[in-house]
Amino acid sequence: MSSNLGITSRSENYSEWYNELVLKADLADYSAVRGCMVIKPHGYGLWELMQRALDDMFKATGHVNAYFPLFIPKSFFEKEAEHVEGFAKECAVVTHHRLKPNPAGGLMPDPEAKLSEELIVRPTSETIIWNTYKDWIQSYRDLPLLINQWANVVRWELRTRLFLRTAEFLWQEGHTAHATFEEAETEALTILNECYTKFAEEYMAVPVIKGVKSEGEKFAGADHTYCIEAMTQDLRAIQAGTSHHLGQNFAKAFGVQFVNKENQLEYVYATSWGVSTRLIGTLIMAHSDDKGFVSPPKLSPIQVVFVPMGRDEATRERTVGASTTISDELKKAGIRVKTDLREKESPGFKYNYWEMRGIPIRVEVGPRDLDAGTVIVARRDTGDKETVALADAAGRIQTLLDQIQKDMFDRALEFRNANTKRVDTWEEFEQTFAGEGGAGFVLAHWDGTTETENVIAEMTKATIRCIPLTPLEPSDAEPGTCILTGKPSKCRVIFAKAY
RNA sequence: CGGGAUGUGGCUCAGCUUGGUAGAGCGCUGCGUUCGGGACGCAGAGGUCGAAGGUUCGAAUCCUUUCAUCCCGACCA
């Protein structure tokens, strides 16, 4: 950090900018545990709002919450070959259940307390859940089973980054069981459309592209994987959510069968889907600026902050009083407000302080404005300030919150569109991704093989983010020839460098 | 798991080459003056120099070992 004021600018060093922002906006901190972060109250407040909105959507689409164990017997993992391969490299394993004094000092695992079967700290819960579902499902009348859980998971990442990739993270994972392939398909798409896309666009104000993952990028153990992909300000792609159609893979691995209406035994069809605290990283990368975090109003733990001015008691009484009048009215309307009553800090300090933390609206309440019967209302996203009559303030602020939410989405969409292009020659494709940083979304033709995908990734660092469910432009759905091999291609797919 | 760097008050770092009373700025506490875009003065508190060995009369400084973190690459939500 070059100074204790402000943060590195995005243009100077995007990666530094992100790291400093997370710390200085009070969202999270490094912990004493390697690869694990502390989510601070401001960051956790954001997560709570995300949870609430998503949970409401899950409930509205017929799901219920439950909780499954943190520990999973190793043997469960061994039952689904593709799945094991996907996660084996990054699992934390519990081997003992007791400590004893170490002769060399300190403590050591008691060799006599070795577990007969090692336990894996869940990297995801498909296996323990399907082992449980086996006992819950006998008849078609038990289906569909629509369960979600809010939990922490552990993936032993070698290289971590606050929110984007940590060894432990918080998420939700939905696990559903269905009688038919079509029903499971509908479920996977319902989550994608009615929950994840809606959440990203309406709450996070982040436009996303819905698509299917290529064979190489799909979830280990899935039949196919749907995803939503967002664009960061440094022109990379970031996956904001995934919804998997697991087919009968896990049902077969765990022997989950049901009797259908014709009294025949059948394997159930499954889905699983999740979003994580990574969404906070996505939010930062999509909207924030060189002054710090910029939060969309719907997810900001504090939506409006009041800064009353004046030092002498009489002035303070006036400015705090006026703040209270407005904030009380806002509270009644369900707006989350805060009045900064700290006496030692100057108003200027407070402006910067709350801007760093991304609070959408600041209300400056000073004696000169009060003399004129007004206050100043400042927007975090644009920096615009306006003078508003006291009587109109609460109403104006509510309107502005909606406006900010909308404007943030519109700007992000415009940015994404401006950085999405179609490329038809390998020369141009290679050149586009030649630099160090991201290059936006590139729609290009691909022959559909994993081999080609891998060659392209090796040569350019760009990967297939998804095959869009609906073409961004009608012509994207027309057949063409692969950018690398010249073989036939069904449609354009999205290439980008990814987080 | 490879390559690089760094560990010294809460934070950012100086001191180490050339061993000899542990420093600065920010933050923190108190008092006073300030308050419309990161205020100032004065007085304070706070550190087994990442850990363990070793060399030495004497180690933050030299040697050995170790641990941790960060950055850059391969894997991942």
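Note: hydrogens, waters and symmetry copies are ignored here, and every other heavy atom, side chains too, is used. Here is the naming used below: chain letters follow the sequence lines, and residue numbers restart at 1 for every chain.
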Centres of the A:His42 and A:Tyr44 rings: under 6.0 Å? no

Taking A:Thr282 for its side chain and A:Arg278 for its backbone only, find out whether a donor-acceptor pair lies under 3.5 Å. yes

How about A:Thr463 and A:Glu453: does a side-chain donor come under 3.5 Å of a side-chain acceptor? no

Taking atom types as modelled, is there a side-chain donor on A:His63 or A:Gln172 under 3.5 Å from an acceptor on the other? no

Give every pair of a protein N or O atom and an N or O atom of nucleotides 29-31 of chain B that lie under 3.5 Å apart, one pair per line with the distance.
none

Select from A:Phe169 and A:Lys291 the residue whose nearest nucleotide in RNA chain B is closer to the 5' end of that strand. A:Lys291

Between A:Thr460 and A:Lys497 the two heavy atoms that sit nearest each other are O-CE, 3.6 Å

Correct closest heavy-atom pair for A:Thr160 and A:Ala167 would be CG2-N, 4.1 Å

I'd like the C1' distance from B:rU8 over to B:rC13, given in whole Å. 9 Å

Span that lies between the C1' atom of B:rA68 and that of B:rC49, in whole angstrom: 16 Å

State whether A:Tyr203 and A:Arg52 meet the cation-pi test: NZ (Lys) or CZ (Arg) under 6.0 Å from the six-membered ring centroid, and within 45° of the perpendicular axis. no

For salt bridge (charged side-chain N to carboxylate O under 4.0 Å, His left out), just list the numbers for A:Arg362 and A:Glu364, CA-CA rounded to whole Å, side-chain angles, deciding distance to a tenth of an Å, and then say yes or no. CA-CA 6 Å; A:Arg362 176 183 69 241; A:Glu364 307 172 8; 2.8 Å; yes

If pairing means Watson-Crick or G-U wobble with both distances under 3.5 Å, then the partner of B:rG47 is none

So does A:Glu48 have more than 12 non-hydrogen atoms from other groups sitting under 6.0 Å from CD? yes

Nucleotide paired to B:rG41 in any strand shown, Watson-Crick or G-U, under 3.5 Å: B:rC31

Which value, in whole Å, describes the distance between the C1' atoms of nucleotides B:rG9 and B:rG15? 15 Å

Closest to the A:Phe349 side chain: B:rG38, B:rA77, B:rG36? B:rG38

What about A:Arg155: does its side chain form a donor-acceptor pair under 3.5 Å with the base of B:rC76? no

Applying a 3.5 Å limit to both distances, which nucleotide forms a Watson-Crick or G-U wobble pair with B:rA77? none

C1' spacing across the pair B:rU69 / B:rU29, given as an integer number of angstrom: 31 Å

Who is the Watson-Crick or G-U wobble partner of B:rU18, with both distances under 3.5 Å? none

Once each nucleotide of nucleotides 67-72 of chain B is scored for protein heavy atoms under 4.0 Å, what B/S/- sequence comes out, 5' to 3'? --SSSS

Distance, C1' atom - from B:rC16 to B:rU61, rounded to whole angstrom: 4 Å

P atom, B:rA60 versus B:rU17: distance in rounded Å? 12 Å

Go ahead and name the base partner of B:rC62; Watson-Crick or wobble counts if both distances stay under 3.5 Å, otherwise write none. B:rG54

For A:Leu164, answer base if it contacts any base atom (sugar-phosphate contacts may also be present), sugar-phosphate if it contacts only those atoms, and nothing otherwise; contact means non-hydrogen atoms under 4.0 Å. base

For B:rA39 and A:Ser346 - does any side-chain N or O of the residue sit under 4.0 Å from the phosphate oxygens OP1/OP2? yes

Considering only side-chain heavy atoms of A:Lys89, which listed nucleotide, B:rC75, B:rG38, B:rG37, is closest? B:rC75

Nearest-angstrom distance, C1' atom, B:rG37 to B:rU21: 45 Å

Would you say the base of B:rG37 and the side-chain of A:Lys385 have a donor-acceptor pair closer than 3.5 Å? yes

If I compare all heavy atoms of A:Ile302 with all of A:Ile359, which pair ends up nearest, and what's the gap? O-CG2, 3.4 Å

Across the strands shown, which category fits A:Thr166 at heavy-atom distances under 4.0 angstrom: base, sugar-phosphate, nothing? base

Can you tell me the Watson-Crick or wobble partner of B:rU69, both distances under 3.5 angstrom? B:rA5

Residue pair A:Thr452 / A:Thr449, side-chain donor-acceptor N/O under 3.5 Å: yes

Span that lies between the C1' atom of B:rG19 and that of B:rA59, in whole angstrom: 6 Å

Below 3.5 Å, does any donor atom in the side chain of A:Glu355 face an acceptor in the base of B:rG37, or the other way round? yes

